[in-house]
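One structure is given here, and the rest of the page talks about it.
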Protein chains: 2
Amino acid sequence: MSFDHNIVAIATPPGRGAIGIVRISGNNSYLLAERLVGQKEKWRQSDTRSLQLFSVIDADGKPVDDVLMVKFKSPHSFSGEDIVEIHCHGSFYILHKIVDLLLDHGARLAEPGEFTKRAFLNGKIDLVQAESLDDLIASKSQSAAQLSLENLHGHLSEKLLQIRTYLKEQCALLELELDFAEEDVEFVSRNEFIHKTTNILVDIRDLLSSFQMGRILQEGVYAALIGRPNVGKSSLLNCLLKADRAIVAEEPGTTRDTLQEQIDIRGILFNLIDTAGLRPTHSQIEALGISRTQKAIDRSDILIFIFDAHETLQPEDKRLLQESGSWPVPRIFVLNKKDLQQNIESDELKTFSPNAMVSLSAKNGKGIEKLEEILYQLIYQKHSAAGQTFFITRKRHQQELLQAQKELENALASLKQNFSSEFVAADLYRALDHIGSITGHVAREEILNDIFTSFCIGK
Amino acid sequence: MSFDHNIVAIATPPGRGAIGIVRISGNNSYLLAERLVGQKEKWRQSDTRSLQLFSVIDADGKPVDDVLMVKFKSPHSFSGEDIVEIHCHGSFYILHKIVDLLLDHGARLAEPGEFTKRAFLNGKIDLVQAESLDDLIASKSQSAAQLSLENLHGHLSEKLLQIRTYLKEQCALLELELDFAEEDVEFVSRNEFIHKTTNILVDIRDLLSSFQMGRILQEGVYAALIGRPNVGKSSLLNCLLKADRAIVAEEPGTTRDTLQEQIDIRGILFNLIDTAGLRPTHSQIEALGISRTQKAIDRSDILIFIFDAHETLQPEDKRLLQESGSWPVPRIFVLNKKDLQQNIESDELKTFSPNAMVSLSAKNGKGIEKLEEILYQLIYQKHSAAGQTFFITRKRHQQELLQAQKELENALASLKQNFSSEFVAADLYRALDHIGSITGHVAREEILNDIFTSFCIGK
């Protein structure tokens, strides 16, 4: 009996916990798992999906752990193959010991993402769904999780399938024409063709324009906090963090970066970059500091300017406004220290045309909800204005869609210039290829490797 | 419907993984879990121990994740109560979101070890078994895991129960005597009593003497590597590490300590302390360095002296031998650089009476198995000489047993001095109390708290 088709991995995060899971997938998973347990007959008889108690024993018959084990029968399993899960005590030693025993029995250690890759290869999910699984596990906010879940459920895949079906029909008709080329038959009305292809182009452009929001939903909004020293940037950051439910901040393994904090505003993740920390110390050259601030600004989706409303506008305030005024993203002006007497010239500030202005006190928290509301609305309105319902979230999708768009534009141009239909068909086939690459209906080995190696082991 | 009896926790280690588990225990766990799922009827109908697919939804009915859920019916569950496990995608956000939803529905966050504490309070396991569960999860070697598993299976508990039964019988008989005190009846033959109590004392002494080996099996052996500079301490350490299967070294979260390495020799964990790193630099005072070396030696169960066999014995070698010669633990002499010409005076070395001497080359690995064999045998023979089959592993057990031993010795003394049986009974009751404390048959609130707060959350 050979178990080289069977892959094995620890499916739970590394570290110590109450429960750890080792997962096996492959043709002979049940037989492989049988080698591991003392109660072989009980294992053979056990129902699928039913967690039963077993004793895992080593090659000498010595007990390794008491575990719960469960079978998932092909094709009704995650990978589409027979899967066994072994739920042991969450000890690093025991988890690795069980994996070692399985390797000794002939199984192979799974590569990162290999369970999901098999699910893809066995037709359980397409590539977009596979990627959304990875995104789901990485999700840090409600919006990220929900978007991933929608794409996992096939929301985006269906849309892409629709586009492919359209394109395929057109290709088939063009091919027919080519077969009857001698007879000069026109199976596709040129006008109808142009109309349909234009519609598809609109769909593709919608998807392309969803990328920015998709990225924001997944990775979060980048917002730079800009202001001269002592206007209250750190206080504002702390005030926002306190209002936050702090799920994000607690994540283990994330090194707390004093320059960047993550907060969750109504389910959207905001990465707040405190440019104060980017300022040079006295011994450093000013130029260096500015370039680091500039970098923070360059990657931002939104700029938050903070002013000390108790003081009048200072030359430094104006310099900062002018320096970062050219960056084409929404700008919010925060007039801090609302608790003190207000001396700032807000009319003058308005000449710098902010997208919103809010007065608050980072000290006592008054007005902070207003800022959160503005942040949320600015992002939401800006990117949901087109009423997008599908979102692409990966550079890979964007690149393939851009290529498909180019090919379709070529096809339209060829048609309008009355080129032979074989040229048009060639364009369409290439477009079809790019759309198919997104879902994996056209699978290229290097794309598969790229996608799955970014997964965690055991997924 | 109140869910305040229900406790909730994440049962898998923190971090990102393919699978994460949220666990609920309590009277109404099934009903609580029902609030979480879209398919309520399917949940109600689902069999116990059967993993079924559900959609977790938030208060607004929005999907949070696709999960597998399973019921464990009281009393056939870990805690003895109705338990629900929710197997979701191993995203930090999703895991915490599900916990938050359950808290919103009225459940309470579990304290560390609270699931196990409930298992104890519901009579599923005793305290020794509860502790061995904690040890099992913390185990880093085969010997540690196996010992914990044996104690989890009740091996040690049975022995303690035997002792308690004996003591209880004696107490009952002594009480009878007291009831009939007027009539001067002797229900317990004094000789038989002395004989039995002496036997129990032997058992207790055996258990007490198992503590050192029990601790070694659990925590590993501490071995100091001693030798002057350039004799090859680091090479030896690396050579041993290479031969090791390196399970231990890989454990995430453990900061690699250059002064201390952990290796697994035939299932026993060895903590090797390189005293080289403890030497003072030129700018430090010599005294400080010596005291740190001394500390490493003081905590060692074994000393490994390393010599450069290519050279003759140096004054520094002899100084080290003399300085650490008084520590009463086995000493192994390693003659390194076997690959070169041997110039060391091994006869002179023997005058320092090592427990073993081995010639090897840390450079090419020759002779390293011999050293491993010696290390293993030294530890194993020293501590298993008495043929111990039960091991106590916790200071707490040792302390209670020492108290019990004292009380029993008092009882014997009272008997021999023909004291009234009420004095003897009082001694026995106190001994019984101490033995009962170990298994938790006599439960003191502060002991419970001490034990369970050391657990990880979710266990």
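First the proteins, then the strands, lettered A, B, ... as listed; each starts at 1.
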Thr393(B) OG1 to Leu156(B) CG distance, which is reported to the nearest 0.5 Å: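 Taking OG1 in Thr393(B) and CG in Leu156(B), the distance rounds to 8.0 Å.
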Leu51(B) CG to Lys71(A) NZ distance, which is reported to the nearest 0.5 Å: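 Reported to 0.5 Å precision, the distance equals 14.0 Å.
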Sub-4.5 Å side-chain heavy-atom contact between Lys42(B) and Gln52(B):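 Yes, side chains in contact.
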For chain A, the option from [options] that forms the most heavy-atom pairs under 4.5 Å:
options                                 : answer
Ala9(B), Ala138(B), Pro13(B)            : Pro13(B)
Cys88(B), Ser50(B), Ala11(B), Gly458(B) : Ala11(B)
Ile94(B), Thr116(B), Ile10(B)           : Ile94(B)

With a 4.5 angstrom heavy-atom cut-off, could you sort out which part of [X] is near chain A: side chain, backbone, both or neither?
X         : value
Glu150(B) : neither
Asp47(B)  : neither
Leu133(B) : side chain
Ile19(B)  : both
Leu149(B) : side chain
Asp134(B) : neither
Phe72(B)  : side chain
Leu152(B) : side chain

Partner chain B: residue of Ser148(A), Ala145(A), Pro63(A) with the largest heavy-atom pair count (under 4.5 Å):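 The option with the most such pairs is Pro63(A).
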Side-chain donor-acceptor pair present, Ser141(A), Asp264(A), cut-off under 3.5 Å: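 Not at all, the side chains of Ser141(A) and Asp264(A) share no donor-acceptor pair under 3.5 Å.
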Pair Ser74(A), Glu81(A): side-chain N/O donor-acceptor within cut-off below 3.5 Å: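 Glu81(A) and Ser74(A) do not have a side-chain donor-acceptor pair below 3.5 Å.
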Within 45° cone and under 6.0 Å: Arg23(A) NZ/CZ vs Phe115(A) ring: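 Yes, cation above the ring, under 6.0 Å and within 45°.
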Test salt bridge (Lys or Arg N to Asp or Glu O under 4.0 Å) applied to Arg108(B) and Glu114(B), step by step: CA-CA 11 Å; Arg108(B) 178 169 68 69; Glu114(B) 196 170 2; 2.6 Å; yes
Residue of the set Arg394(A), Lys459(A), Lys140(A), Arg215(A) for which salt bridge (charged side-chain N to carboxylate O under 4.0 Å, His left out) holds with Asp135(A):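 The single option meeting the salt bridge (charged side-chain N to carboxylate O under 4.0 Å, His left out) with Asp135(A) is Arg394(A).
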